[in-house]
Protein chains: 2
Amino acid sequence: MPGQRRPATMRDVAQFAGVSVRTVSNVVNDQPYVRDETRRAVKDAIAALGYRPNLIARNLRRGSTNTLALVLPRLTQPYFAELADDLLTAARDRGYAVLIDPTDESDTRSVQDVFAQLAMITDGILVDPTHLAGRVDLTSLPVPVVALTSHSGRHGEPVDRVAMDDAGGARLATAHLLESGRTQIAAVGLPPAAVTGPTGRLRLAGYLEAHREAGIDVSPRRLLAANGWDPSEGYRVMSETLDAGIPVDGVFAFNDYMAMGVIHAISAHGLRVPEDIAVVGFDDIGFSQHTSPPLTTVSPGRRRIVEAALDMLLGRIDGTRTGATEVAVVEAELVLRGSSVTKADPEA
Amino acid sequence: MPGQRRPATMRDVAQFAGVSVRTVSNVVNDQPYVRDETRRAVKDAIAALGYRPNLIARNLRRGSTNTLALVLPRLTQPYFAELADDLLTAARDRGYAVLIDPTDESDTRSVQDVFAQLAMITDGILVDPTHLAGRVDLTSLPVPVVALTSHSGRHGEPVDRVAMDDAGGARLATAHLLESGRTQIAAVGLPPAAVTGPTGRLRLAGYLEAHREAGIDVSPRRLLAANGWDPSEGYRVMSETLDAGIPVDGVFAFNDYMAMGVIHAISAHGLRVPEDIAVVGFDDIGFSQHTSPPLTTVSPGRRRIVEAALDMLLGRIDGTRTGATEVAVVEAELVLRGSSVTKADPEA
DNA sequence: TCGAATCCTTGCATCGTTACAGGCGCGTGA
DNA sequence: TCACGCGCCTGTAACGATGCAAGGATTCGA
């Protein structure tokens, strides 16, 4: 239920305290040159009237909102949920509120409009641009933008970026499988998955590179495309492969969430993980510690990505960072767990 | 990079089109009494200058922002992530942006201040109040509030509420286990888990009621407390119970996420799900379809909860809903999967 | 005692939009 | 011919805060 009284304004406070509006403003904003006595009188008035500065009016006047926007596809993808969680907390600790905008295929709005609107009501925008496929020009917005992305922006817009090391992480994951003696390693999650195309290509590149380095051939039968990076696709793709009798002794799934479905398919076929097929994922989402068996995965350094992106964005906002756009790459790390290592063979 | 040109204002458009500011406003807001010719001239000017109404100024003038706030503990809890995802999409389709505010224990701000601030920059607030434990008075805010909650508000504030049927769902889950012949059913997730106290109590109540109805005694040794509803706690609690030699042939985990840890613990002890121990969860998160085996769970009707909450909130906002606060209870539904039913015994 | 420097306080304009009330021109009925 | 109504358009005042520049009060040194 909305309260009934009109909220007190600065004018009310000024009248109550017997000073000018301007003085109240000075007190509220901790300006110097206010006598202690006056300051206290104003503070008393503020308390008595339950006054709170109207943030909208302040935003209009100051031209800033202390709000950031985060644009992503879907929070149902656990990696994004955890990324959003980290960002929400980090932004909150720095005094910023966060508006999350989901822009996936189901969105009928013009992407450019969405960004223009967000730019108007926020001080800066963080965006995962992979799913936007260049449908938006991020360079002409009136607020700074930082892209959370992987795909080399060579063909993209010159925006600040924080990238995870997709190819490098994928190489680590694949190399680990190869070193533990697997030679028939399936890659799960190739395009056409529309929203993950560029990321998928980079992770594939890492997979291929690891094979090249090990001198082991790659069979196209084990390069498995998925329509979306979720467990049901992991399940479907893996089931079909096993049904087709294609030999597989290891799987590198392009994300953990799909890997869940892969593991499910493997056990549904009466095979064991990791004895028959070792599985490695990517993302290190919370769940991955508690699958059966726990999932070996690549940690992309989510926390560091968030911090770096916030540093960049806030730097642009407060003007301490100027000049050419930058790209920060956060190193990926392999996290060994039971899905790729038997207890008898701890390796690490 | 911020663009350099000052964005065009309504005044600029007016001047360009040779009309008054007021007329531009009328065109922008589709007011009647504007000649078609004038209207087109204004629209041309808008296009020529790339004018976009300044939303902050509009918000100040109109006193509304077309933004809602969603206050939750953490998005790392998959149920909340999926709830947020549903809400984001539903709100976006109704023309509202959503600000997500995480308020957990790590938050040093005063909860009352947080709400007062949110109230100022949004048109309404959706909140999961379980973790706020009455640290905030939701009735005196200047915008409507709808609580997404379970715990009977009898001792709470008189706010609009949309509740899932925790006790009923828990009863369904437990009854299902009892009917399939299990008699030594552990309940996982009792308080002290601070943030889930009230919910946990209701789910426990349903568990107890099902036992009462079936005439089967409950052993306190199988009432297992958790410090948080995540997989690691599910794992810990279940491991300890099995280690202690407490007989268990079924588990009702108070949420799916914990159930993941429970399943992990069971297989780590060399036991099979569901043959040795059947497991049922609560929430029906996306993952649950793809654990090994897939998890039987209670679907709380997330989608319907979101729609009902939005209906309530927007009704209050636009004034079509007035008068006493309401409580909507969304029915829960049991989703049978492999973690509680063997293939030989499909039951349903 | 006077002038200047310092401290404190204040009106007014402004951010960009929408609401109010009124003005002007034209057509219509008496 | 006049009054009236209607359609279209406009000037001005808000919304509630902050920035500017100047004004009054006080203190200090000479």
Side-chain angles (χ1 to χ4, degrees), chain A residues 5-46 49-67 116-117 119-123 142-143, chain B residues 2 5-43 45-46 49-67 116-117 119-123 142-143:
Chain A
R5 262 205 340 276
R6 178 183 67 80
T9 79
M10 208 166 241
R11 193 196 306 285
D12 300 327
V13 175
Q15 193 166 343
F16 189 96
V19 299
S20 79
V21 182
R22 191 58 231 275
T23 299
V24 177
S25 172
N26 284 337
V27 171
V28 170
N29 296 290
D30 278 322
Q31 298 286 342
Y33 298 147
V34 177
R35 219 176 355 142
D36 282 352
E37 195 186 320
T38 312
R39 197 179 289 275
R40 239 212 344 277
V42 171
K43 289 200 164 161
D44 287 349
I46 287 175
L49 298 177
Y51 166 76
R52 288 172 176 282
N54 181 314
L55 298 181
I56 304 282
R58 173 179 288 177
N59 292 345
L60 174 61
R61 184 61 239 221
R62 297 224 258 236
S64 70
T65 60
N66 263 261
T67 302
Q117 303 237 16
M120 197 132 24
I121 57 178
T122 64
D123 294 345
V143 298
Chain B
R5 261 207 340 279
R6 178 184 66 81
T9 78
M10 206 168 243
R11 193 196 309 281
D12 300 327
V13 175
Q15 194 167 343
F16 189 96
V19 298
S20 78
V21 182
R22 188 59 226 273
T23 298
V24 177
S25 173
N26 284 336
V27 171
V28 170
N29 296 290
D30 277 322
Q31 298 286 343
Y33 299 147
V34 177
R35 220 173 358 139
D36 282 351
E37 196 187 319
T38 312
R39 195 179 293 275
R40 240 208 347 276
V42 171
K43 289 200 164 162
I46 288 176
L49 299 177
Y51 166 76
R52 289 172 177 283
N54 180 314
L55 298 181
I56 304 282
R58 174 179 287 178
N59 291 345
L60 174 60
R61 184 60 241 215
R62 296 225 259 236
S64 70
T65 60
N66 262 262
T67 302
Q117 303 238 19
M120 198 133 21
I121 58 178
T122 63
D123 294 345
V143 298

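From a predicted model like this one, the values you see are computed outputs, not experimental measurements. The chains referred to below are lettered A, B, ... by the order of the sequence lines, with proteins before strands, and numbering in each begins at 1.
For A:Arg62 and D:dT18, the shortest distance from a side-chain N or O to OP1 or OP2 is below 4.0 Å. For the OP1/OP2 pair of D:dA17 and a distance below 4.0 Å, the side-chain nitrogens and oxygens of A:Tyr51 include at least one atom meeting the criterion. The phosphate of D:dT18 has OP1 or OP2 within less than 4.0 Å of a side-chain N or O from A:Asn29. Under 4.0 angstrom from either OP1 or OP2 of D:dT18 there lies at least one side-chain N or O belonging to A:Ser25.
Closest to the side chain of A:Arg61, out of C:dC8, D:dA17, C:dT18, is D:dA17. When the nucleotides C:dC8, D:dC8, C:dT10 are ranked by their closest atom to the side chain of A:Thr23, C:dT10 comes out on top. With D:dG11, C:dT17, C:dG11 as the candidates, the nucleotide lying closest to the side chain of A:Ser20 is C:dG11. Side chain of A:Arg35, nearest nucleotide from C:dG16, C:dT9, D:dT10: C:dT9.
A residue-by-residue look at B:Leu60 and B:Tyr33 shows that B:Tyr33 has its nearest nucleotide of DNA chain D further toward the 5' end. Residue-to-nucleotide proximity on DNA chain C shows that, of B:Arg22 and B:Pro53, the 5′-proximal contact is made by B:Pro53.
Remark: P of C:dT17 and CE of A:Met120 are 9 Å apart, rounded to the nearest angstrom. The CG-P distance, from A:Asn26 to C:dT9, rounds to 9 Å in whole Å. In this entry the distance linking CE of A:Met10 with P of D:dG16 reads 12 Å, nearest Å. Remark: C1' of C:dC15 and CZ of A:Arg58 are 15 Å apart, rounded to the nearest angstrom.
Taken from CG in B:Leu60 to CG in A:Asn54, the straight-line distance is 6.5 Å, to the nearest 0.5 Å.
In this structure, the side chain of B:Thr65 engages the main chain of B:Ile121 through a donor-acceptor pair within 3.5 Å.
Nucleic acid contact for A:Val28: none, since no nucleic acid atom lies under 4.0 Å from a heavy atom of the residue.
Just one of B:Met10, B:Arg40, B:Arg22, B:Lys43 meets the side-chain contact (heavy atoms from CB on, under 4.5 Å) condition when paired with B:Val27; it is B:Lys43.
Here the closest heavy-atom approach between residue B:Thr9 and residue B:Tyr51 is recorded as C-CE1, 3.5 Å.
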